[in-house]
Amino acid sequence: ARGVLPVWNWFAFAIATPMVGLATWFVASQFLTDMGESLEILNRIMSSFGGSRLPLVFLLIAFIPGVVEELLFRGYVQTRLLARLPAAAAILISSVLFAIAHMDPIHSLLVLPLGIWMGVVAWQAKSILPAMLCHIVNNSVSILETQVRSPGISVTLFTTVDWGILLACGPAMVLSLIHISE
């Protein structure tokens, strides 16, 4: 369903989504010494396929997971839980299941706040379509970040790319939070 929000809200939520990932990564990097094996492999995959193969990477890492995971976790699980539980509980449970599905403990920890964010977006919009867009944008930004990050730069450093994300996504996050609080 299209939901109750105007399409401009979808884009504000989607543009704000990388801020959630960036904030989570910033906090986690203060406590973690490495990304873990699963994220290292994913990072190598995303950074090694450039040029003419880059559209395939976007399809396999951004578009397909964005659609399929949102259909499952927000479209099916969260919707069913909302019929039986308060919104906060339904969003949290579906987000925890979303995080567990990423199977690696560090990756799960990092995607939990994103799952909560996308759960709130779907609940506010009364549609999973904006959450799908958020998911696709977040994964796309991750791919782009690995493409522009210099080899040898530690992924735990707050880089120029991260500052670019902050400047580009910060205003959208403010608009999104104002809408959610209304």
### Query
Side chains of Asp104 and Glu37: closer than 4.5 Å at any heavy-atom pair?
no
### Task
Begin with the C-alpha distance, continue with both residues' side-chain angles, and end with the deciding distance and a verdict on side chain to side chain contact (heavy atoms under 4.5 Å, CB included) for Leu144 and Phe58.
CA-CA 9 Å; Leu144 291 173; Phe58 277 98; 3.7 Å; yes
### Message
Please report the interatomic distance CG(Leu109) to CG(Leu32), rounded to the nearest 0.5 Å.
### Response
7.0 Å
### Message
I'd like to check Ser108 versus His102 (side-chain heavy atoms, cut-off strictly below 4.5 Å). Are they in contact?
### Response
yes
### Gap between atom CD1 of Ile93 and atom CG of Leu85 - 0.5 Å precision
5.0 Å
### Main-chain N/O of Ile116 paired with Ser95 side-chain donor or acceptor, under 3.5 Å
yes
### Task
With the side chain counted from C-beta on, respond yes when Leu97 and Val77 share a heavy-atom pair under 4.5 Å apart, and no when they do not.
yes
#### Entry: Val4 to Gln124 - nearest heavy-atom pair and separation
CG2-O, 3.6 Å
### Query
Do the side chains of Pro130 and Leu5 get nearer than 4.5 Å, heavy atoms only?
no
### Query
Under a 4.5 Å side-chain heavy-atom rule over Ile, Leu, Val, Met, Phe, Trp and Tyr, are Val27 and Trp25 clustered together?
no
### Query
Can any side-chain N or O of Gln147 pair as donor or acceptor with the backbone N or O of Met46 at less than 3.5 Å?
yes
#### Entry: Reported CG-to-CD1 distance for the pair Asn43 and Ile143, which is rounded to 0.5 angstrom
11.0 Å
### Task
Heavy atoms only: give me the nearest Pro18-Val141 pair and the separation to one decimal.
CG-CG2, 3.7 Å
### Query
Just by distance, do the side chain of Ser29 and the backbone of Phe26 share a donor-acceptor pair under 3.5 Å?
yes
### Task
Take Trp10 and Met132, measure what side chain to side chain contact (heavy atoms under 4.5 Å, CB included) needs, and give me the verdict at the end.
CA-CA 10 Å; Trp10 296 18; Met132 283 180 182; over 6 Å; no
#### Entry: Hphob cluster co-occupancy, Leu129 + Ile15, side-chain heavy atoms under 4.5 angstrom
no
### Query
Quick check: are there more than 12 heavy atoms from other residues, nucleotides or ligands sitting under 6.0 Å from CZ of Phe63?
no
### Transitive ILVMFWY side-chain link Leu56 to Ile64, under 4.5 Å
yes
### Task
Would you mind reporting whether Pro65 and Asn139 have side-chain heavy atoms less than 4.5 Å apart?
yes
#### Entry: Close side-chain approach of Ser140 to Ile136, heavy-atom, < 4.5 Å
yes
### Summary
CG (Leu133) and CE (Met118) are apart, to the nearest 0.5 Å, by 11.5 Å
### Query
Can any side-chain N or O of Gln78 pair as donor or acceptor with the backbone N or O of Gly119 at less than 3.5 Å?
yes
### Query
Is the number of heavy atoms from other residues, nucleotides or ligands under 6.0 Å of Trp123 CH2 greater than 12?
no
### Query
Does the cation-pi check pass for Arg74 over Phe98, that is, NZ or CZ under 6.0 Å from the six-membered ring centre and within 45° of its axis?
yes
### Query
Side chains of Tyr76 and Glu70: does their closest heavy-atom pair fall under 4.5 Å?
no
### Message
If I take atom SG from residue Cys134 and atom CZ from residue Phe13, how far apart are they, to the nearest 0.5 angstrom?
### Response
7.5 Å
#### Entry: Note, Leu71 side chain near Val67 side chain (heavy atom, < 4.5 Å)
yes
### Message
Between Phe31 and Leu114, is there shared hydrophobic-cluster membership here, with clusters defined by ILVMFWY side-chain heavy atoms closer than 4.5 Å?
### Response
no
## Note on the structure
Rounding to 0.5 Å, atoms CD1 (Ile45) and CD1 (Ile61) come to a distance of 6.0 Å
